[in-house]
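As structure tokens, the structure follows; a few thoughts come after it.
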Amino acid sequence: MSTEEKPAAAPRSLAEALRGRDDAALAALLRSRPDLITPVPTDLTQLATRAGTRASVVRALERLDRFALQTAQALAVAADPASYGELLGLLAGDDGDPAVSAALPHALATLREQALVWGGDDRLRLVRTARELLSPSPQHPSPTGLGPTVREATAGMSPGRIQEIVATAGLPSTHDSVSAVTALTTLFGDPERMSALLDEAPAESVEVLERLVWGPPYGQVTADPAARLRWLLDRGLLLPTAPGTVVLPREVALRLRAGRAHRTPEPLPPPVEAAATHRPQVVDATAAGQAYTALATVEELLKDWDEGGPAVLRAGGLSVRDLKRTAAALDTTEPVAAFWVELAYAAGLLASDGEADERYAATPAYDEWRELPAAERWALLVTAWLTATRTAGLIGGRDAKDRTLSALGPGLDRSAAPEVRHRVLTLLAALPEGAAPSHDAVLARLHWERPLRGGGRSTAGPDTSATEDRRGEDLRARIARWTLSEAEMLGITGRGALSAHGRALIGAPAPEPRSPTQEPTGPGDKLPVHHLPHHRPALPPPALSPTQQSTATAAAARLLAPLLPEPLDHVLLQADLTAVAPGPLQRPLADMLGVLADVESKGGATVYRFTPGSVRRALDSGQAASDLHAFLAAHSRTPVPQPLAYLIDDVARRHGHLRVGAASAYVRCDDDAVLNEILADRRAAGLGLRRLAPTVLAALADPAGLLEGLRAMGFAPAAESAEGDVLIARADARRTPPRTPPAPVPDGPPVPDDTLLTAAVRAVRAGDLAATTPRRTSAGDPAGPGELPRTTAAETLATMQAAVLTGEALWIGYVNAEGGASQRVIAPVRVEGGFVTAYDHTADEVRTYPLHRITGVAELAEDEG
């Protein structure tokens, strides 16, 4: 047989298996496990070593779907190595399962792609670290519920006892324990002989086996076991592992299970069903209404904090009392208020001011945000929500140190949140327009895709159902529930269904139109269940890149804009000192009316009430009475009521009649009768007033306290500066210095792009070439495998000069300026001035190296064959 006809030798290690992959396969590995190129490995041996570390393997296992994980668990309890047929038998059972048979090739390909399994179909090997994590042990039971093998369970048993078991089981005695254990293992694996043995078992003994067969496989016995247990112990169907403890051997359990490693293999993801359907127009309109409410809520929140929000706790965050006050101001519950606070913070609209008496306030970015069109303001909020790792649903819970998690405080970052949000919306996008899924179906699907993520389950433990009681939900399930609720509040979904602008937000294509026979007729109509292809479960699509997300967000804003109500330029004034805004108001009108009146009720129409305090607030902001009359006349569709005109004139006549400044504080007024009235009022006792002159009173209170005290007494004082000018109080005076939004906490290393993958694969290939290329050795060459070559400076120079003439490649050791040592394969081009210029096969480019940094040089061996 010629060299070309010889079959490729089976790989003896993971490094050899990786060496046999092409560049596309290596790139797929690095893309699925980005932690392997942080930093880029020097060669394939280092890549294989890194892929077998515990931290990397645990991370890879956590990203497997349920069936791929079940496949790895089956390999962990199979022989090492195992054949494809053995693996299929463990998953499909003796009777076979067409769905398992169809899905297994893809699951195995996933494990191979991620370097968790290597070897051909006749010699499948699970990476050693993964086998250690998934194999059964008394401390960490296998998720399959299987126990140790007969060989493992009898490792400490006396040879005499083993021979007794063999004899009682009806097997011929042997000369050694190894052959006896082999005979017993063969018996338990033989269906016919095993059936004959169990036919002889008492019913009570069979009942014991049935209780242990699906795990846990361990049981407790007394020093004098009952007859039903003694019968099993004498025949090795139960084996002692410790005093008072017995175990069901793996071979026995598999035979009782008809060969299946799992009670319920799950080769297909649970379908996401539509619980109800609505007309797409209704969904979009509902979502748009929610989107507008979200904008109004964020504005109302930050407007309430315009003059300085709540104080920052010493440990950071918002106090429980301040959160309750915020919820009352927004007329909502505390969890919902916490969500809006966190959303404004994530969007960069809210931050702490950094002062000594630190408080929360709006940022300068808030003023820029308010000037944007409504659709663009919504786009900024939902983009911040999609990418934020801070999770508002955790507020009120406890951290690992049993400390309460507060809004805007530390400890709220969960790196899985962006991935879960994107995946939930993607599942909604897979349904037809107007379809609202069952929440439980979404959670079941997410749990199938990532059964180990979120801390709800570990790699060790018996199988459980796809859904859990809500009290035992893992973090991903809780984030998914919060996502469904938050998406509704933000107007991404409407009535539980994904809106058209919600689809655009995640870059999902528009669904195919349904035929008239498929059009839903009512909210309770059911849609057909959507299954994925039976032969290959689809993988979740990756999240969008920043550039793609920016494009998708802009498209979503364009779709939402026509659905939002047009701002109005008028209100309806009424004789009871109220004004009705029948819809959203234009920005200047809303801002001015918000100063001139107080919001009395909200809803489809907003009702404002004019009071002496609200009119005085408008006068404090620099408006004159004539300005207020003109404003109301210009923006009211009804005549200005006489009571409102009288109210404005009355407050304006008294406004500024008193002047307050800093003494600690003082009050001055041209009318000394007014000052006499103040001094005679009992409510002024706490202000510490005394007369300095007929028209001046001094106070112990500070100017702000004096202003509030006089206003509480029914006066309308105005603050003045040191020069005696009236101070104008603007609503937006309180702003923090420029702040950047909180950076999301990454969920491990970022997925590398194609450019980085190409460069990494090329570097690893070149490094592996340098590490594995044969070289000529001499009797005095001290360099062994994996060591850098060592030659004298004269030998190095001579070899380099000779290689320039012959064009041969050389193997060198090189130490860089930081002291890092590496080995390279180079083809010298020129040697001069203490430097060698050569084509570096490792870097795939021409480089120049100082000769004094080259530790040694060796010629490459001639290729064989």
* Structure fact -> Rounded to the nearest 0.5 angstrom, the OG1-CG distance for T168 and L197 is 10.5 Å

* Asked: How far apart are the closest heavy atoms of A72 and L126, and which atoms are they?
  -> O-CD2, 3.6 Å

* Quick one: pull up CG in L232 and CG in L238 and give me the separation to the nearest 0.5 Å. => 4.5 Å

* Side chain R131, main chain S135, donor-acceptor under 3.5 Å -> no

* **Between CG on residue L475 and OG on residue S415, distance to nearest 0.5 Å** => 8.5 Å

* R445/D65 salt bridge by N-O under 4.0 Å criterion -> no

* What do the steps show when you test L198 against L237 for side chain to side chain contact (heavy atoms under 4.5 Å, CB included), and what is the final call? -> CA-CA 10 Å; L198 291 176; L237 296 174; 4.2 Å; yes

* To do: Please confirm whether the backbone N or O of T53 pairs with a side-chain atom of S56, one donor and one acceptor, at under 3.5 Å?
  => no

* Salt-bridge criterion met for E449 and R476 (N-O under 4.0 Å) -> no

* **Candidate pair L47 and L30, rule side chain to side chain contact (heavy atoms under 4.5 Å, CB included), full reasoning** => CA-CA 10 Å; L47 175 62; L30 299 179; 4.0 Å; yes

* Structure fact -> For residues 83-96, the side-chain hydrogen bond (donor to acceptor under 3.5 Å, both in side chains) pairs (sequence neighbours left out) are D94-R255

* **SB check E207 R228 (cutoff 4.0 Å)** => no

* To do: Report yes or no: does R481 contribute a side-chain atom to a donor-acceptor pair with the main-chain N or O of H439 at less than 3.5 Å?
  => no

* Under 3.5 Å: donor-acceptor pair, side chain of Q70, backbone of E266 -> yes

* Check whether any side-chain heavy atom of Q220 sits under 4.5 Å from a side-chain heavy atom of T245, and report yes or no. => yes

* Asked: Within the side chain of Q114, is there an N or O that forms a donor-acceptor pair under 3.5 Å with the backbone of S32?
  -> no

* V57 side chain reached by E132 side chain, heavy atoms, under 4.5 Å -> no

* To do: State, yes or no, whether a side-chain contact exists between L171 and R193 at a heavy-atom distance under 4.5 Å.
  => yes

* Got a second to check how far R762's CZ is from L757's CG, nearest 0.5 Å? -> 13.0 Å

* Asked: Backbone N or O of L91 within a donor-acceptor pair of the R260 side chain at under 3.5 Å?
  -> no

* Taking it one step at a time, do R19 and D43 satisfy salt bridge (Lys or Arg N to Asp or Glu O under 4.0 Å)? -> CA-CA 10 Å; R19 206 162 277 127; D43 54 37; over 6 Å; no

* Structure fact -> In short, A261 meets T144 closest at the heavy-atom pair O-CB, 3.2 Å

* Sequence neighbours excluded - salt bridge (charged side-chain N to carboxylate O under 4.0 Å, His left out) pairs with any residue from residues 143-166 -> E152-R250, R161-E164, R161-D234

* Contact check, side chains of L90 and L254, non-hydrogen atoms, under 4.5 Å -> yes

* Nearest heavy-atom pair of V127 and G52: which atoms, and what distance? -> CG1-CA, 4.1 Å

* **Within 6.0 Å of CG in D199, more than 12 heavy atoms from elsewhere** => yes

* To do: Determine whether L446 and L427 make a side-chain contact, defined as any pair of heavy atoms from C-beta on separated by less than 4.5 Å.
  => yes

* To do: Decide if atom CZ of R128 counts as having more than 12 heavy atoms of other residues, nucleotides or ligands within a radius under 6.0 Å.
  => no

* Determine the minimum heavy-atom distance between A115 and L29, stating which atoms define it. => CB-CD1, 3.8 Å

* Is there a donor-acceptor pair under 3.5 Å between the side chain of E113 and the backbone N or O of A25? -> no

* Can you check whether D402 reaches R398 side chain to side chain, under 4.5 Å on heavy atoms? -> yes

* **cation_pi(R235, W231) dist<6.0 Å, angle<=45** => yes

* Asked: Minimum heavy-atom separation for A74 to H262, with atom names?
  -> N-CE1, 4.2 Å

* Asked: Is there a donor-acceptor pair under 3.5 Å between the side chain of R33 and the backbone N or O of R59?
  -> no

* Do side-chain atoms of R66 reach the backbone of H447 as a donor and acceptor pair under 3.5 angstrom? -> no

* Asked: For E251 and T149, does a side-chain donor sit closer than 3.5 Å to a side-chain acceptor?
  -> no

* **Qualifying residues under side chain to side chain donor-acceptor pair (under 3.5 Å), relative to D122, sequence neighbours excluded** => none

* Structure fact -> Partner of L239 under side chain to side chain contact (heavy atoms under 4.5 Å, CB included), picked from V246, V252, L233, I165, is I165

* Structure fact -> Looking only at heavy atoms, the pair that brings L146 and P136 closest together is O-CB, 3.3 Å

* Full working for side chain to side chain contact (heavy atoms under 4.5 Å, CB included) between W118 and L18 -> CA-CA 9 Å; W118 58 278; L18 294 179; over 6 Å; no

* Asked: Quick one: are L111 and L64 in side-chain contact, heavy atoms under 4.5 Å?
  -> yes

* Structure fact -> CG of L88 to CG of D121, rounded to nearest 0.5 Å, is 11.0 Å

* **pair L26-L44: side-chain heavy atoms closer than 4.5 Å** => yes

* Structure fact -> d(Q73 CD, L134 CG) to nearest 0.5 Å is 6.0 Å

* To do: Would you check, one step at a time, whether the test side chain to side chain contact (heavy atoms under 4.5 Å, CB included) holds for W448 with L268?
  => CA-CA 9 Å; W448 185 92; L268 297 176; 5.9 Å; no

